[in-house]
Amino acid sequence: MGPSGPDVGNMGKVIGIDLGTTNSCVAIVDHDGPRVIPSRTGQHTMPSVVAITESGKQLVGHLAKRQAITNPRNTIYGAKRLIGRRWDSRDVQKSISLVSFDMSKGPHDDVRLSMGGKEYAIPEISSLVLHEMRVVAEENLGESVGQAVITVPAYFNDNQRQATKDAGRIAGLDVLRIINEPTAAALAYGYGKGLEQKVAIYDLGGGTFDISILEIGQGVFEVLSTGGDTFLGGEDFDERIIAWLIEDFQGQHGIDLRQDKMAVQRLRDAAEKAKIELSSLNEVDINLPFIFSKGKGEALHLQKQLTRAALDGLVGDLIERTVAICEQALDDAGMKKSDIAAVILVGGMTRMPRVQRTVNDFFGIPPSKGVHPDEVVACGAAIQAHLLSTGSIDTLLLDVTPHHLGIMVAGGLFDVIIHKDTTIPTSATKVFTTVRDGQPQVRIMVLQGESSQAEENELLGEFVLDGLRAAPRGEVRVEVTFDITADGIVGVSAKDVETGREQTIMVTASSGLTEDEIREMAARNQDFLVKSDSAGGNDEVRQKVQNLLNEIDKFLPQARPIIDGTDFGVDALNKAEQTLERARHAMLQKDTKELSDCIKPLERTLSLLNNVIQKLGG
Ligand code: AMP
């Protein structure tokens, strides 16, 4: 960190979390600056996947993802795509046929997901991921973690932000601030460097696309404009490959693999794997043996080759969609492409060569190297957490509202009160009058969106201001005030100017949960989570280490005489013995972190022994 950081010794308790659609990442600022905290399995990011096994065990992250193929109905991924959305929304309806788990309508027109025979609200699912991040951080830091900064796509509306905040609360975290992912990325890129430049953050992740144009100067990170699409990301790329495979299979065999959830899950895994491999290879083979069983032991297999060029063809229009959004964002910021000094890539999908080429061609400069696309957002969140918790004033984040905010007025029109791209926190007031003679009340429908037609925008909430004086239309005046906090969360009040009578809402119910429900889930989940932590992940790690130890014990007696006679023998045996010693000690100590750390060296030892026996033994 720069010289600013007073009292960094106290920083352990506030974490920054990038809660991603596909993967999540947690980071902290310590004496050396921001650093990512590895997951239980040692990786820097963790799949945002949760599951309940057949035996009722709750799994989160890699363990959950690993068993997704065999347990598709009880494995939930991509919850971020559904968070804060209404059941009837087009996007939710579109998801129903694409996911392998069951979805249903919740009591507040929200979405519920079924897992292990139980219904979960979306913030509850996200809270399981957040809780895991918290526990991982606590284990790593050796102290409790109570506060966090969580990131969301800049394009998230109020419902989605609120629901994310609720997820944090259910996970037992005091969410200090919700910040936009691109702002976090810019912070991680530019913090402490004394930069004076305009930058674009191009973020294409698993589920969402975001573009932000920021100006960095004298410690101020000011967002000038944002744009994005909450339904455009890597999963859409995967879906194109899946559709291509399914269509081909149907053409060949007349069988629709979509009907088989397990087959779809296998296709999804294979499609994603092929897509990722095509970032470094020119062609890949997709092999899915026994994808369809014809009964009586007969089965059909799927075998296809996909080239990088063919993939580019399948997804070209998706990438082009990001270009149109970039153009709009530049326009909104009143800028030309040549004004941009650096383009920072965020999100796993930006590793795709075609994406990088498109960004390069559009902005006319190669994307910035040196920031890690998977970690930069969490690191930025950690820096913001650090700044908030130390009260540091040398850096200022100026974010903006991603959508127009306003109310519905007569004729079903949308009257904007706070315009898109206004710097937050902010507030604004507008005065309206009654439209009917003797009108006793007004209904305030709070909307967010870009359309002039009220019904085409997102409804954030509604309330009634009653007790108005009976008067001819246009005489009673109602003052409507919008407040947006630094988290981007909206509060609305309506006041009868004459009487001072006032009604206020914090637009909270729209997160999909009531206050009581959130409290109840927080209490329930804490109990459940504490139990599942010790009964779940830790057990898996112990089991894995035990299996590796058993295998090594089996091979070592065979390998020892062979290795002894080689040049590298003494060294290799010593290392293997040390690793075994370390793992056995960790087993005795029940030290989960140490056990996790032993897995890789044990695997290496095992493969060394195997190699030795195969190559030298024969
Ligand atoms: P994120 O939400 O940032 O974790 O991004 C995850 C998305 O990036 C997923 O759709 C991944 O399949 C995709 N992804 C990760 N690595 C690569 C890669 N090397 N090439 C292409 N896509 C990738």
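Both counts, for ligands and for their atoms, begin at 1 and track the order of listing. Everything numeric here is computed off the predicted structure, so don't read it as measured data.
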Could Lys65 and Tyr77 be counted as a cation-pi pair, given that NZ or CZ must be under 6.0 Å from the ring centre and within 45° of the axis?
no
For Glu215, check side chain to side chain donor-acceptor pair (under 3.5 Å) against everything at least two apart and list the hits.
none
Please output the side-chain donor-acceptor pairs of residues 235-249 that fall under 3.5 Å, not counting sequence neighbours, one pair per line with the distance.
from, atom 1, to, atom 2, distance (Å)
Glu235, OE1, Arg81, NE, 3.3
Asp236, OD2, Arg81, NH2, 3.0
Asp236, OD2, Gly233, N, 2.7
Asp238, OD1, Lys275, NZ, 2.8
Glu239, OE2, Arg258, NH1, 3.3
Glu239, OE2, Arg258, NH2, 2.8
Arg240, NH1, Leu314, O, 2.9
Arg240, NH1, Asp317, OD1, 2.7
Arg240, NH1, Asp317, OD2, 3.4
Arg240, NH2, Asp317, OD2, 3.1
Asp248, OD1, Lys304, NZ, 3.4
Asp248, OD2, Gln252, NE2, 3.2

Within a strict 4.5 Å, meaning less than it, do heavy atoms of the Thr226 and Ile211 side chains meet?
no
Name the atoms and distances for all side-chain donor-acceptor pairs under 3.5 Å in residues 197-204, with sequence neighbours left out.
from, atom 1, to, atom 2, distance (Å)
Gln197, OE1, Tyr189, OH, 2.6
Tyr202, OH, Thr322, OG1, 2.7

Close residues, ligand 1: non-hydrogen atom nearer than 4.0 Å:
Thr22, Asn23, Gly205, Gly206, Gly234, Glu272, Lys275, Ile276, Ser279, Gly347, Gly348, Met349, Arg351
Please evaluate residues Asp256 and Gln259 with respect to the criterion side chain to side chain donor-acceptor pair (under 3.5 Å), reporting the C-alpha separation (whole Å), side-chain torsions for both, the decisive distance (0.1 Å), and the verdict.
CA-CA 6 Å; Asp256 180 8; Gln259 305 310 319; 3.0 Å; yes
